[in-house]
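For clarity, every value in this text was computed on a predicted model and none was experimentally measured.
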Amino acid sequence: MNAVDDWIHARRDTLTWLDCDRYVWRVFAGAPERWYDDPATLVAASAQAHRLLRSDVYGVNVSGPFSRHLVGDSEAAAVCAALELPAPRRVLADTLDALLHQFGDRVDLVLDCPSPRRLLASGAEIDFDALDDVATGLLEVIRSVADRPVRGLQITCDTAGGPDEDETDAWSSLLAAAGHYGWITAVRLNGVTDPDQLDPKLPGDLLLLPHLPAGVLPDDRRYGGGLPAEVWSDTSEAARLLDAAAKRGFRFGEIPTEASPEIVLTRLTALAAGTR
């Protein structure tokens, strides 16, 4: 499948991109203690879930296998040391290989890479050198699996209101590598909660906005959203938000961990009906 590339180049009318990771972990895998470092469990649960959830895109968590080694409030040197560990790199490669075998060309796999700031000590003053060092460490991890037929690179940013110049500058090596490999690029903005915070100058082929409803998104193929957490609740407002999202071409959102499976299936059925 080339769903994302076809969407960017206007060769398809809709693109549905769901982040289901934590929902699948709870509902389909039973919330196991091991998740990112157990490829067999993760891939089996994800394959089972996909038959119902039917996202066009699946994001592979680049930092997941390293999470046990990435302790809170880490400095750049500690983060870089963790990213150099060979065992988590092997787990990432094994997970990616198993997902590619399981899904074949039915789903676009993209690498979900954290913004470097996401891995550093929260609340501390973080300079560009620290961000750049962590970006270099992440780049080496990505290079270690770049020979696989993935479709894109997603950078996930948690910064409130969106990234500053230092943060986006630190992405440059990651985005350049994606361009070298012929991948599409997407930037997920978890910290953007108001359309006035959107910066159209941000890099990336696509901008993913998990907290914005469809009614406030720009009428532009570049912006994905419309499926905030409220959509997955059992309320009349949720149904209204879903109806608006179904009328958009590019739907993006994260299914909450604690969402009711019955409500999720109801929402996805309505979304598919809107596609038709």
Side-chain angles (χ1 to χ4, degrees), residues 3-5 7-8 15-25 36 53 55-64 67 70 107-120 122 131 134-135 138-139 141-142 150-175 177-179 183-214 216-218 220-232 245 248-257:
V4 179
D5 192 64
W7 169 256
I8 290 172
L15 180 71
T16 301
W17 184 338
L18 301 174
D19 177 357
C20 321
D21 181 72
R22 303 311 291 168
Y23 176 77
V24 172
W25 167 78
Y36 296 119
L53 304 180
S55 176
D56 295 319
V57 187
Y58 182 100
V60 182
N61 191 321
V62 168
S63 61
S67 56
L70 293 169
V107 181
D108 281 3
L109 294 187
V110 302
L111 298 178
D112 180 3
C113 177
S115 176
R117 178 165 283 160
R118 203 176 189 211
L119 300 182
L120 292 166
S122 60
L131 294 171
V134 174
L138 288 166
L139 178 58
V141 173
I142 289 166
V150 301
R151 299 296 185 186
L153 176 70
Q154 170 190 322
I155 295 177
T156 298
C157 171
D158 290 341
T159 306
D164 59 22
E165 187 174 352
D166 278 352
E167 189 166 13
T168 56
D169 284 349
W171 301 344
S172 59
S173 60
L174 298 166
L175 297 172
W183 299 342
I184 65 95
T185 56
V187 174
R188 174 172 171 167
L189 299 166
N190 289 337
V192 170
T193 57
D194 187 290
D196 291 338
Q197 296 170 331
L198 281 176
D199 180 0
K201 298 177 186 176
L202 284 174
D205 298 312
L206 302 172
L207 296 181
L208 310 178
L209 300 154
H211 299 303
L212 294 187
V216 302
L217 289 170
D220 188 310
R221 296 181 74 89
R222 188 183 184 211
Y223 297 91
L227 299 173
E230 295 85 352
V231 164
W232 310 100
R248 279 189 62 82
F250 185 9
R251 306 83 165 257
F252 175 81
E254 177 175 356
I255 302 178
T257 306

Could you please spell out the steps behind the side-chain contact (heavy atoms from CB on, under 4.5 Å) verdict for L174 and L138?
CA-CA 8 Å; L174 298 166; L138 288 166; 4.2 Å; yes
Say you draw a straight line from CD1 of I155 to OG1 of T168; how long is it, rounded to the nearest 0.5 Å?
10.0 Å
Would you say that D164 contacts T159 through its side chain, given a criterion of any heavy-atom pair below 4.5 Å between the two side chains?
no
Separation of L131 CG from R117 CZ (nearest 0.5 Å)
5.0 Å
Which value, rounded to the nearest 0.5 Å, describes the distance between L119 atom CG and S67 atom OG?
10.5 Å
In chain order, what residues pass the side-chain hydrogen bond (donor to acceptor under 3.5 Å, both in side chains) check against E254, with sequence neighbours excluded?
R188
Are any of the side-chain heavy atoms of L53 and Y58 separated by less than 4.5 Å?
no
Would you confirm whether D205, through its side chain, and I184, through its main-chain N or O, come within 3.5 Å as a donor-acceptor pair?
no
Enter the distance from L153:CG to I142:CD1 here, rounded to the nearest 0.5 Å.
5.0 Å
With rounding to the nearest 0.5 Å, note down the distance linking OG1 in T193 to CG in L212.
7.5 Å
Does any part of the side chain of P203, heavy atoms only, come nearer than 4.5 Å to the side chain of T185, both counted from C-beta?
no
Does any non-hydrogen side-chain atom of V192 lie less than 4.5 Å from one of L198?
yes
Is any side-chain heavy atom of R118 less than 4.5 Å from a side-chain heavy atom of N190?
yes
So, do F252 and L15 sit near enough that their side-chain heavy atoms are less than 4.5 Å apart?
no
Taking atom types as modelled, is there a side-chain donor on D112 or T156 under 3.5 Å from an acceptor on the other?
yes
Evaluate the ring planes of W7 and F250, with Trp represented by its six-membered ring, and classify them as parallel (under 30°), tilted (30 to 60°) or perpendicular (over 60°).
tilted
Over all heavy atoms of both residues, which pair between R248 and P218 is shortest? Give the atoms and the distance, please.
NH1-O, 3.5 Å
Give, for atom CH2 of W183 and atom CD of Q154, the distance between the pair rounded to the nearest 0.5 Å.
13.0 Å
Short side-chain to backbone donor-acceptor contact, S115 and C157, under 3.5 Å
no
Could you go step by step and tell me if V110 and W17 meet the side-chain contact (heavy atoms from CB on, under 4.5 Å) rule?
CA-CA 11 Å; V110 302; W17 184 338; 3.7 Å; yes
Please determine, by modelled atom types, if T257 and W25 share a side-chain donor-acceptor pair under 3.5 angstrom.
no
Any side-chain heavy-atom pair from L189 and P163 closer than 4.5 angstrom?
yes
Answer whether the closest heavy-atom distance between the side chains of L206 and V4 falls below 4.5 Å.
yes
So, does R222 use its side chain to make a donor-acceptor pair with the main chain of G204 at under 3.5 Å?
yes
